[in-house]
Amino acid sequence: MDKKKFYITTPIYYPSAKLHIGHAYCTVATDAMARYKRLTGCDVMFLTGTDEHGQKIEDKAREAGVSPKEFVDRIVEGEHGVLDLWKLMNISNDRFIRTTDDYHEKAIQRIFRHMYDKGDIYKGTYKGKYCKPCESFWTESQLVNGMCPDCGREVVDAEEEAYFFRASKYASRVRDLLTGTDFLQPASRVNEMVNNFIDCEGGLQDLCVSRTSFQWGVPVDFDPKHVVYVWVDALFNYMTALGYENDERDGLDRFWPADVHFVGKEIVRFHAIYWPAFLMSLGLPLPKHVYGHGWLVIDGVRMAKSRGNVVDPYLLAERFGVDALRFFLLRTFPFGSDGNFSNELLINTINVDLANDLGNLVSRTTAMIEKYFGGTLPKTDAHESVDDELLTMAKALRGRYEAQMEKYQLHLGLDEVFKVIARANKYIDETAPWVLAKDEAKRGRLAAVLYNLLETVRICTVLLTPFMPESCEKIFAQLGADGDARTWESAGCFGTLPDGVTVTKGEAIFPRIDAQAELAELEKLEAAAKNAGKPAVELEPYAAESVDFDTFCRSDFRAVKVKACEAVKKSDKLLRFTLDDGSGTDRQILSGIHKFYEPEQLIGKTLLAIVNLPPRKMMGLESCGMLISAVHKENGEEKLNLIMLDDKIPAGAKMC
């Protein structure tokens, strides 16, 4: 009989820097779901990859002095890159797509033209706010406190010729999809999408789908000064990887539509609104579900490379083991909600759930069978009522677990397993095998108790396999469970292990961690890694020519307070300062620092200026003096910081 198909994807990750634990969280969750579906007998296609075009990549490559392709190759294929990380985390993806793959780029050109020929893409001019880190355009009303609503960082004014997708044409159909079906999960995200982007003032906005201000992207073949903007390029990876509009891949007829896209909540908007609209435009089947999971946060703040608060999965996996890290990510945080990451929580989860509960149960069970029966259990059927609760729970476990996994509630699936593990540990105390072992007449009863424990552990281990595949293999080996005792079918049958099963007590699979010592060591390692990652600093060379003391003394340096600051029209660099210099008359100074500061950041600050320079004209405006800054380079990029003084210093105070 033909196997049921299941197609699951991660988002394709943006390789502007090395990936962190937040990326690993989504990919491990997707991997666990893919492994679960394979366990149940499905024919699974699991896709992940990288989204490699865009302005930020182009800028980063320029800073690094390499081509954009060389830049992304280093991060994707280089040491500790994306491919290395997924290998480390034991990710079982069937395919990996890069948007720089030739077959994908050619397919995107065809897709763009199809939508253009249909009249769903048109040329216009974009004018609004742009967040470069998110590669997202926003209207003024969508900003939060003037910042990007997704990442909270600064946005810049942008205006350029662009092509637009007529998303507004599909607004009512997308709204019906969101409100009338379970397409978007969890359901709590539906109102946010509808209220903020469809039923908002002005309705669903058409989407900018090309750019002319940078070149690193898929060229629009009929208008080559344009490159296809990120979301058409990125979203169609889910189909081009299966052979849509190309002959190099296959599986489209078998696996499309996708069963679920797992994505972070910051890109739910694009997957839940624009992705179905694109597919509607082309008359293509829609994916069955989009699941928007939460973020891993630290002290309530989302992890981001720019914030310097990311966690290195390599460091944690090397210290605690890959399976322990995988388990922690999926056991601790409800998949649809944000989770507050800490090293303390990681260590506590390993110690309590893995070392104390699961590890102790495996160790005690196999040790008692070795001690009392030489490692091989005899046949027995000595059942007593004290067994009933444990056996009932173990027999019903697969169904309860399956109900949660089918809803993508991975943490609740694990919770069901650990309820049974906790009950098994209690069962040991209730039956007291060490007491039974003292009475030869109760030897059959002792064997029955230990068999009940062994079977319970086996069933739990089958269901833990998607989460901790390598560790479960080790447990199976200790239990004496062969291939037939490791299947999905066997997890629904209590009594699969044969009479005369032989166990092997091995080393502890999850050793207990000394939390205090480990936290201190982690702090040292993380500090060392952070220092090692700091960019090389280049300083301006010192002047060879000496300046005599009298000349220096004629320079009049004063404290000045910023009363007003604004950008100079038609200039990308200049800011116009109105300053209180203590004289009673406002002083105007122009400074080419707009690349480094926004005007509103500087109002009210106390700065340092040299005030006895002769006035000079800049963009038709008179500048009377110069603000003093410190300048250096990091990785070849100029960094500038204004000298800011203590606000207690009065305006006009002379520096000496």
Side-chain angles (χ1 to χ4, degrees), residues 8 10-11 13 19-33 35-36 48 85-86 88-91 149-152 184-189 192 260-268 271 290-317 319-354 357-358 404-405 407-419 464 466-468 513 515 518-519 522 526:
I8 188 170
T10 71
Y13 302 107
L19 302 189
H20 56 69
I21 197 73
H23 304 108
Y25 173 50
C26 179
T27 309
V28 167
T30 310
D31 181 71
M33 183 54 59
R35 287 178 181 272
Y36 158 72
T48 188
L85 179 58
W86 297 160
L88 170 75
M89 297 303 296
N90 202 3
I91 303 302
D150 278 348
C151 71
L184 177 57
Q185 298 180 2
S188 57
R189 304 217 183 276
E192 177 191 354
V260 63
H261 300 306
F262 277 0
V263 299
K265 66 180 184 179
E266 75 281 3
I267 54 174
V268 164
H271 285 77
V290 169
Y291 194 100
H293 65 77
W295 294 333
L296 292 190
V297 300
I298 294 182
D299 298 327
V301 178
R302 181 190 175 197
M303 287 186 198
K305 197 77 173 178
S306 60
R307 294 190 181 101
N309 68 342
V310 299
V311 174
D312 180 6
Y314 276 94
L315 175 61
L316 298 180
R319 293 201 69 79
F320 304 117
V322 168
D323 276 353
L325 180 56
R326 286 172 58 107
F327 174 82
F328 163 73
L329 291 173
L330 302 181
R331 167 72 163 148
T332 313
F333 309 119
F335 191 49
S337 306
D338 290 350
N340 205 12
F341 177 92
S342 70
N343 289 329
E344 292 89 343
L345 185 58
L346 168 61
I347 291 169
N348 186 63
T349 301
I350 294 171
N351 279 343
V352 172
D353 287 344
L354 296 183
D357 292 349
L358 175 59
Q404 299 298 344
M405 294 296 283
K407 295 184 290 187
Y408 310 124
Q409 296 297 292
L410 286 77
H411 65 293
L412 295 181
L414 284 171
D415 194 44
E416 293 294 346
V417 175
F418 273 80
K419 287 176 185 175
L464 288 173
F467 299 87
M468 302 185 292
I513 298 166
E518 190 61 35
L519 287 170
L522 278 174
E526 287 170 352

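Along the sequence shown, residues carry numbers from 1. Remember, predicted model here, so these are calculated numbers, not experimental data. The figures that follow rest on heavy atoms only: side chains count, while hydrogens, waters and symmetry mates do not.
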Novice: Taking Asp31 for the side chain and Ile91 for the main chain, is one N or O donor matched with an acceptor at less than 3.5 Å?
Specialist: no
Novice: Identify the two heavy atoms, one from Glu266 and one from Trp295, that lie closest to each other, and give their separation to 0.1 Å.
Specialist: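 Taking every non-hydrogen atom into account, OE1-NE1, 2.6 Å.
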Novice: If you apply the rule side chain to side chain contact (heavy atoms under 4.5 Å, CB included), what do you find for Leu296 with Leu329, and how did you get there?
Specialist: CA-CA 9 Å; Leu296 292 190; Leu329 291 173; 3.8 Å; yes
Novice: What is the distance from atom OG1 of Thr30 to atom OH of Tyr408, rounded to the nearest 0.5 Å?
Specialist: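 It comes to 10.5 Å.
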Novice: Less than 4.5 Å apart, side chain to side chain, heavy atoms only: is that true for Leu19 and Trp86?
Specialist: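 Yes, their side chains come closer than 4.5 Å.
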Novice: If you look only at pairs with a residue in residues 328-345, which of them pass as a side chain to side chain donor-acceptor pair (under 3.5 Å), with sequence neighbours excluded?
Specialist: Lys265-Asp338, Arg331-Asp353, Arg331-Asp415, Asn343-Glu526
Novice: Give me the atom names and distance for the closest heavy-atom approach of Phe262 to Pro11.
Specialist: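 Reported closest heavy-atom pair: O-CD, 2.8 Å.
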Novice: Heavy-atom distance under 4.5 Å between the side chains of Leu325 and Ile21, does that happen here?
Specialist: yes
Novice: Return the minimal non-hydrogen interatomic distance between Pro313 and Leu88, and the atom names on each side.
Specialist: O-CD2, 4.5 Å
Novice: Between Arg189 (side chain only) and Gly292 (backbone N and O only), is there a donor and an acceptor less than 3.5 Å apart?
Specialist: yes
Novice: Going through the checks in order, is the side chain to side chain contact (heavy atoms under 4.5 Å, CB included) test met by Thr48 and Tyr13?
Specialist: CA-CA 8 Å; Thr48 188; Tyr13 302 107; 3.8 Å; yes
Novice: Measure the CZ-CG distance between Phe327 and Leu354 for me, rounded to the nearest 0.5 Å.
Specialist: 4.5 Å
Novice: Calculate, to the nearest 0.5 Å, the distance between atoms CG and CD1 belonging to Leu522 and Ile347 respectively.
Specialist: 5.5 Å
Novice: Specify the closest pair of heavy atoms between Ala29 and Leu410, including all atoms of both residues, with the distance to one decimal.
Specialist: O-CD2, 3.6 Å
Novice: Do the side chains of Asn90 and Met468 get nearer than 4.5 Å, heavy atoms only?
Specialist: no
Novice: To the nearest 0.5 angstrom, please state how far the OH atom of Tyr25 sits from the NE2 atom of His293.
Specialist: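 The distance works out to 7.0 Å.
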Novice: Checking Glu416 now: which residues fulfil salt bridge (Lys or Arg N to Asp or Glu O under 4.0 Å) with it, not counting sequence neighbours?
Specialist: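 Glu416: salt bridge (Lys or Arg N to Asp or Glu O under 4.0 Å) contacts with Arg400, Lys419.
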Novice: Taking only residues two or more places apart in sequence, or in another chain, which ones meet Phe328 in a ring pair (Phe, Tyr, Trp, His ring centres under 6.0 Å)?
Specialist: Phe333, Phe341
Novice: Starting at CD1 of Ile350, measure out to CZ of Phe320 and round the result to the nearest 0.5 Å.
Specialist: 5.5 Å
Novice: Are Thr27 and Leu85 close enough that some pair of their side-chain heavy atoms sits under 4.5 Å apart?
Specialist: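 Result no, sub-4.5 Å side-chain heavy-atom pair not found.
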Novice: Would you check if Arg35 and Met33 make a side-chain contact, meaning some heavy-atom pair closer than 4.5 Å?
Specialist: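 Of all side-chain heavy-atom pairs linking Met33 with Arg35, none is under 4.5 Å.
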Novice: Can you check whether Phe335 reaches Leu412 side chain to side chain, under 4.5 Å on heavy atoms?
Specialist: no
